[in-house]
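Reviewing the structure listed below.
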Amino acid sequence: MNDVKTRNFRVSKYLIIFLFPLLSISCEKTLPSVTRPALGTVCTITLYDKGKQTVYNQIFNRLNEIEQHLSVNISSSDIAQINEKAGIEPVRVHEDTLSILITALNFAYKTDGAFNPAIGPLVSLWGIGRENARLPTQEEIEGQKALIDYTKIIIDGEKSTVYLPVKGMKLDTGGITKGYAADEVVRIMKENKISRGLVDLGGNVYVVGIKADGSKWRVGVKNPFDSTGTPLIRVDVENATIVTSGVYERFFIQEGIRYHHLLDSKTGYPVNNGLQSVTIITTSSIIADALSTAVFVLGKEKGIGLLEEMGISGFCVTDDKKIKATKGLESSIALLIDGFEFE
Ligand code: ADP
Ligand code: MG
């Protein structure tokens with residue numbers, strides 16, 4: 001008799017413990033999506049079925065934290081501190097910074113500097129996307145080019161420090177931060193057992209799972225020739241990131257020449273190789289972000305070659321409205337506008 005009582009008590013205790021969280025969760029409203037500014041852009045997160053305010057808050061707090069560690073515009077950030085202490089002393093940094101810089105440096109070596117995290121001095125000089133954007137003199141360009149040698153960056157993984165040994169050197173992780181952040185959002189979604197959702201960090205997209213009807217997500221890649229943002233290409237994907245680097249958003253025009261924000265370390269000028277945009281489709285958003293910038297700088301032949309060597313899908317859109325895609329991708333992407341063709 002005693003035994004039975006004990007067992008019944010155990011069962012009811014078990015139920016109470018497990019009902020509590022269920023009740024407290026069911027009081028929260030489901031939100032289809034939340035849009036907030038973060039990482040210097042507009043971020044929209046959509047958590048299907050389980051979009052609870054607490055999870056959205058957790059995600060946006062994390063995005064703000066990443067921005068606090070990595071933004072060149074926040075004077076207390078690791079990156080701003082490393083830049084300030086260039087030629088003076090190493091700076092102890094957060095895990096985010098260490099991990100992003102290690103990946104950035106790997107891609108710098110892999111692409112022979114096409115992706116260059118030490119590009120900061122040239123980015124500041126050109127000021128593209130800011131009010132002080134201007135065409136610098138050749139002398140100024142040469143002066144800053146002397147300060148963009150990524151092979152000089154010293155990372156001490158054990159001490160978690162980063163050191164730029166020459167005064168005036170500056171890191172810039174703008175070409176990779178959104179990708180790192182998108183991977184972090186997806187990690188938080190998985191931690192919260194959210195199996196379907198969309199992450200859009202200023203055009204750096206990650207689709208998680210599949211649509212409710214079992215089909216793939218349809219992601220539109222912008223037509224670089226149309227400022228209204230109409231889609232040029234439709235990509236049908238599940239559990240994938242789609243990252244585009246283009247020269248149609250941040251630029252200025254002087255004497256009929258367009259100067260944009262993707263810079264070539266070799267010349268010191270914005271890349272001028274006949275490309276309008278590069279899109280990468282894969283599962284790691286940090287890799288996609290680094291590669292979208294790197295492939296743009298490398299140009300279509302070398303760039304697509306690198307993607308094929310790495311087994312990663314992607315395509316370039318050229319000035320003369322041609323699309324060059326990695327092998328096998330052409331059949332799984334749809335061209336939506338007349339006047340463009342695959343080459
Ligand atoms: P966006 O940030 O516009 O989505 P990207 O991911 O291609 O596009 O990153 C562009 C940013 O990367 C620039 O604004 C600049 O901060 C930085 N950058 C520019 N040129 C290079 C380069 N050659 N290597 C690495 N980063 C670069
Ligand atoms: Mg990039």
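Just so it is clear, the values below take in all heavy atoms, side chains as well, and ignore hydrogens, waters and symmetry mates. When a ligand or atom number is given, it counts from 1 through the structure's own listing order.
With hydrogens and angles ignored, the 3.5 Å screen pairs no side-chain donor or acceptor of Ser71 with any backbone N or O of Glu67. Proximity of a side-chain donor or acceptor of Arg36 to a complementary backbone N or O of Cys43 within less than 3.5 Å is not detected. The backbone N or O of Val271 lies less than 3.5 Å from a partner atom in the side chain of His260, making a donor-acceptor pair.
Residue Ile176 places no N or O, backbone or side chain, under 3.5 Å from any N or O of ligand 1. Among the atoms of Val297, none of the N or O lies under 3.5 angstrom from an N or O of ligand 1.
Protein heavy atom closest to atom 9 (O) of ligand 1, with residue, atom name and distance, is Gly175 CA, 3.2 Å. Looking only at protein heavy atoms, the nearest one to atom 24 (N) of ligand 1 is Asn116 N, 2.8 Å. Here the protein heavy atom with the shortest distance to atom 2 (O) of ligand 1 is Arg250 NH2, 3.2 Å. Of all protein heavy atoms, the one lying nearest to atom 6 (O) of ligand 1 is Asp289 OD1, 3.0 Å. Atom 27 (C) of ligand 1 has Ile119 CG2, 3.8 Å as its closest protein atom, hydrogens excluded (heavy atom only). Looking only at protein heavy atoms, the nearest one to atom 20 (N) of ligand 1 is Leu263 N, 3.1 Å.
How far CD of Glu95 is from OG of Ser160: 7.5 Å, rounded to the nearest 0.5 Å. Annotation: the span from Leu291 atom CG to Met310 atom CE amounts to 5.0 Å, rounded to 0.5 Å. Here the CG-OH distance, from Leu39 to Tyr180, works out to 11.5 Å after rounding to the nearest 0.5 Å.
In the candidate list Gly40, Ala114, Ser265, Ala114 is nearest to atom 22 (C) of ligand 1, counting heavy atoms. Distances from atom 17 (C) of ligand 1 to the heavy atoms of Leu201, Asp172, Ile148, Thr41 show the closest one on Asp172.
At a threshold of 2.8 Å, the Mg ion (ligand 2) has no backbone or side-chain N, O or S atom of Ser245 nearer than that distance.
Atoms of ligand 1 lying under 4.0 Å from at least one heavy atom of Ser245, given by number and element, are 5 (P), 6 (O), 7 (O), 8 (O). Close contacts of ligand 1 with Thr293, meaning ligand atoms under 4.0 Å from a residue heavy atom, involve 5 (P), 6 (O), 7 (O), 9 (O). Atoms of ligand 1 lying under 4.0 Å from at least one heavy atom of His261, given by number and element, are 1 (P), 3 (O), 8 (O), 10 (C), 13 (C), 14 (O), 19 (C), 20 (N).
Side-chain N/O atoms of Lys170 and Ser124 include a donor and acceptor closer than 3.5 Å.
Between Phe340 and Phe225, the angle of the ring planes lies from 30° to 60°, which puts this pair in the tilted group.
Under 4.0 Å from ligand 1, the heavy atoms of Lys178 that appear belong solely to its side chain. Residue-level proximity to ligand 1 for Ala294 is absent, since no heavy atom of it falls below 4.0 angstrom.
The Mg ion (ligand 2) forms the vertex of an angle spanning O of Gly175 and O of Asp289; to the nearest 10 degrees it equals 80°.
A continuous path of ILVMFWY side-chain contacts below 4.5 Å connects Met169 to Val72, so both sit in one hydrophobic cluster.
Under 4.0 Å is where a charged nitrogen must lie from a carboxylate oxygen, and between Asp236 and Lys211 no such pair does.
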